[in-house]
Amino acid sequence: MNDRAQTTVKRVINESGLEVQPLYTAEDVAASGGDAMIGLPGEYPFTRGIHREMYRKQPWTMRQYAGFGNPQDTNQRFKYLIANGQTGLNVAFDLPTQIGLDSDDPLAQGEIGRVGMSVDTLRDFEIAFDGIDLEKITVSMTINGAAAIAIAMYLAMAEKRGYDIKKLRGTAQNDILKEFIGRGTWIFPVEPSIRLVGDTIEYCAEHAPKYSPVSVCGYHIRESGATPAEEMAYAFCIARAYADEVIARGLHVDEFAGRLSYNFNIFGNLFEQVCKFRAGRSLWAKIMKEEYKAEKPGSMWLRMIAAGGGGGLTFEQPELNIVRGAYYALISALSGTQTMALCSYDEAYTIPTEYSARISLRTMQILIAEMGMTETVDPLGGSYYVETMTNQMREKMEQIIAETDAQGGIVKLVSEGAIQAKVSAQAYKMQRDIESGKFPKVGVNCYRNDQEDEHPVEFHPYNEDDARVQIESLNRVRAERDAERVTRALAAVGDAARAGTNVMPAIVEAVKAYASVGEITQELVKVFGRYQEPIRF
Amino acid sequence: MNDTAQQRPIRVLLAKPGLDGHDQGAKVVARAMMDAGFEVIYTGLRQTPEQVSRIALDEDVDVIALSSMAGSHLPFCRKLKPLLEANGLDDKLWMIGGNLPAQDHDALRELGFKGIFPTGSKLDAIADYIRENVA
C-alpha cells in the first residue's frame, strides 16, 4: 500500500487475508476509507465502543462457563464462583439436556452430567439457582437446540421465586444456525429451528423485555475454521436471518434488536482481533441503521461477550495456556467487550476445574485492578495501524456478506452444508500449516520441550453416581406432578407447533406443570421432525 | 510395508460416538486420511454403538476409528467392544482420538483400542499408524 514498505522484508498476510504493512501512517488511514467510521464511543457508528464511558463507568462482566454433574453440585460451583468475585454465571448443560433427551433416555447413558449440568424438569432449575440472587447476578445459558425450553424454565423459576419477569435480565445462547455449522447440538431441521428462535425473540419482547433471548455466536464458527473476518460476517448473516424471521411476524426492528447479543472468539493475532471487533461494531450499526432502518441506538449496538477461545490453546505445555489466556483477556479489554469469558488453561483437555477457573477469573481481575485497563475508552483508537486495519476488516466483512447473499443466503448455504464444508477445509489447512511449521505455535512447532511435561493437567472427577441420582430425581418429579395437567400441557405444545402459532406460551405452561425436556422436545419432533446432517467434504 | 499388497485402498470408518457435536477434529482427520489415499466413511454425529458396528460391518472397513471429545469414551467403548466382536470385526484395527486423558489409555487399550491419538497428535502420525497396522 504505502511506498515505505520495504520490499526486502517478508510479506505478512493475516488470517483474514489482509496484507500487513511494516509501517502505517495517516496516509494509510485515509487510503483505507479515512476517519468517516471512527466517531466517538457511545455514538454511531460505535466503532470505539457502544457506551460513552465504557469501563470507566462499569468494568466488563466476568462470566466463566460452569456447570457439572447434577444441579446440586452446580449450585455449589455457582456459589463458589460468586464468592470469588464473579459477576455473571454462564451455565453449561450436559449433552442429553442440550439435545432434548431426558436422563432416562437410552441415548443419554454415559453422558449424564458430563460436560455440564443435567436438567430434566423445572425442579432442576429450582435446585441449581437456589439461594442465588437473580437480580445481582445475570445468568447466561449455553443451550441452543433446546433453548426454548430452557428459557421457559428460567423464566418460570424466576417467576415462582417472586421476581418481576419484566425486569429480569439474562441471556440464552439460542443460536441454532451456528450449531449446524459448528457445535452440533441441533434437534430439528433448519427451517423450524429458525422459527423457534423467532418464537423466543417474539415471546421475550413481550413478556421479558430485558432478557436477551439470543446470543449470536461467531465464536463456534471461528472454532470450526472460519477466519476472524468470516466469523463476524457469518454471525451478522445469521443475525439478519433471525431478524428477518421476527420482522416477517410484524414486529418493528426496534422492538427486539436491542436485546440481540453476540458471542465472539479471541485467539490469534492481537491487532487483527481488536480491529475485528472495532470493524464489526461499526458494520453491525450500519446494517441495522441502513438496511433495517433501526432508529433506537440500542438496536444498533453490538453487545457482546468476547471469549478467549479454546481453539488457540495447545495440548502441549498446557501451562502456556495461562499466558495465552492473559493475552486473550487483554485483547478482549482492548476490544471494548461488555462481557468477558476466559478459557481456562486446561480447556484443551477437559472442562475447567475450580482451580483453573479461578486462575482465569484472577487474570481478568488483574487487568482491572493492576493494569489500568478500565481507565480510558478504546485506548488503541487513533493508531494508524488499528484504524487502517479496522477499515480494511470492515470492507472484508462486507465483501463476505455480499458473497453469502449472492450464493443464496446463509440459511440455504447452511442447509446444504456448504459453510460447514468451507470452514472444515480451512481447519484442515490450518492444522497442516501448524504441523509443517508454516503457522507458528509455541510449544507445538517451535520452542518445544524435549522432556515429558512435569505438570500434568488434573481432571475434574466425574461422579459415576450422578446419572443414578438424576434419574431418581426425575422419577420423583414424575410421580409427584399432576399427570393430567402435564398431558394437557404437552398436547397444547404440539397444537401450537402444528398451528404455526408461537409455541412459547404452551412451553412455559408445560414446564410449569413439570413436563420434562424430553417430553416437550418429543411433542415438537412429532411436528418438525429431526435434522439429518448433510455430509460434505 | 504391506500397503503394496492391498488390492484396494485401506477403508477407514471414522465415527462420532455419542452425543457430542464437536466434529471439527473428526472432519480434519477425515480429510487427512483421504489425502493419505485411504477411503473414508464418515458417519456424521451422534452414532450409537449399534450404528457404529453395523456400518463397520456393512462397509467392510479395515479400520474402525472413533473421535470423542466430551469424556464419554470409556462407557461408549465398553458397549462397542462386544458388538464389534459379535460382528466378527475383532481382526480390524480399532482406534480412537480426541480428548482422552492419559489415565484412560490403558483401559482403552484393554478394550481393544490399540491406536490412541489424543488431542495434539499429528495427522501424519495417524496415517502412518494405519499403514503400519492394517494387515
Side-chain angles (χ1 to χ4, degrees), chain A residues 94-96 98-99 101 106-112 114-116 144-145 179-180 182-186 220 223-225 310-311 313-316 348-351 420-421 423-425 427-432 434-436 443-444 456-460 462 464 467 531-537, chain B residues 14-36 39-51 55 67-80 97-104 117-127:
Chain A
D94 71 1
L95 287 163
Q98 291 191 49
I99 64 173
L101 301 176
L107 293 174
Q109 270 181 43
E111 313 250 15
I112 297 161
R114 262 190 207 274
V115 292
N144 297 278
E179 289 294 319
F180 295 113
R183 204 169 156 275
T185 68
W186 36 261
H220 307 90
E223 289 278 319
S224 296
L313 303 185
T314 61
F315 199 75
E316 294 85 350
Y349 292 75
T350 175
I351 70 162
Q420 293 89 316
V423 297
S424 92
Y428 179 48
K429 185 178 177 300
M430 176 55 84
Q431 183 61 31
R432 284 289 183 198
I434 290 171
E435 291 189 15
S436 72
V444 178
V457 165
E458 276 181 41
F459 282 79
H460 192 295
Y462 176 69
E464 299 288 343
Y531 177 64
Q532 295 296 321
E533 56 176 325
I535 293 171
R536 272 181 60 176
F537 282 100
Chain B
L14 192 60
K16 273 297 290 177
L19 307 180
D20 172 45
H22 291 96
D23 55 2
Q24 192 245 51
K27 286 177 170 173
V28 164
V29 171
R31 281 172 194 275
M33 297 306 103
M34 287 191 261
D35 275 4
E39 265 183 52
V40 177
I41 295 107
Y42 173 56
T43 59
L45 300 179
R46 294 189 205 166
Q47 300 298 305
T48 62
E50 289 77 12
Q51 286 168 321
I55 299 169
S67 167
S68 173
M69 304 297 285
S72 57
H73 44 276
L74 281 175
F76 191 90
C77 290
R78 283 190 196 112
K79 280 190 237 161
L80 181 60
N99 264 351
L100 310 168
Q103 65 258 37
D104 292 348
F117 291 90
T119 309
S121 301
K122 303 291 174 274
L123 297 172
D124 290 342
I126 301 173

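Labels below follow one simple rule: chain letters A, B, ... track the order of the sequence lines, proteins then strands, and each chain is numbered from 1.
The residue among B:K122, B:R46, B:H22 with the most heavy atom pairs within less than 4.5 Å of chain A is B:R46. When each of A:G182, A:G110, A:A425 is scored by its heavy-atom pairs under 4.5 Å with chain B, the top score falls to A:A425.
Without hydrogens or angle criteria, A:E111 side chain to B:L19 main chain gives a donor-acceptor distance under 3.5 Å.
Contact annotation for A:P96: both backbone and side-chain heavy atoms come within less than 4.5 Å of a heavy atom of chain B.
The shortest non-hydrogen separation linking A:F315 to B:G120 is CB-CA, 4.2 Å. Between B:A32 and A:R432 the shortest heavy-atom distance is CB-NH2, 3.8 Å. Contact between A:W186 and B:L45 at its shortest, heavy atoms only, is NE1-CD1, 3.7 Å. When all heavy atoms are compared, the tightest approach of B:D35 to A:Y428 is OD2-OH, 2.8 Å.
Applying the salt bridge (charged side-chain N to carboxylate O under 4.0 Å, His left out) test to pairs two or more places apart or on separate chains, those with a residue in residues 14-23 of chain B are B:K16-B:D20, B:D23-B:K27.
Contact annotation for residues 70-78 of chain B against chain A (heavy-atom separation below 4.5 Å, listed by residue number): B:A70, B:G71, B:S72, B:P75.
Under the side-chain contact (heavy atoms from CB on, under 4.5 Å) criterion, A:Q109 pairs with B:K79, not counting sequence neighbours. Residues passing the side-chain hydrogen bond (donor to acceptor under 3.5 Å, both in side chains) test with B:Q24: none are found, sequence neighbours excluded.
Distance check, rounded to the nearest 0.5 Å: CG of B:L123 to CD1 of A:I434 gives 10.0 Å.
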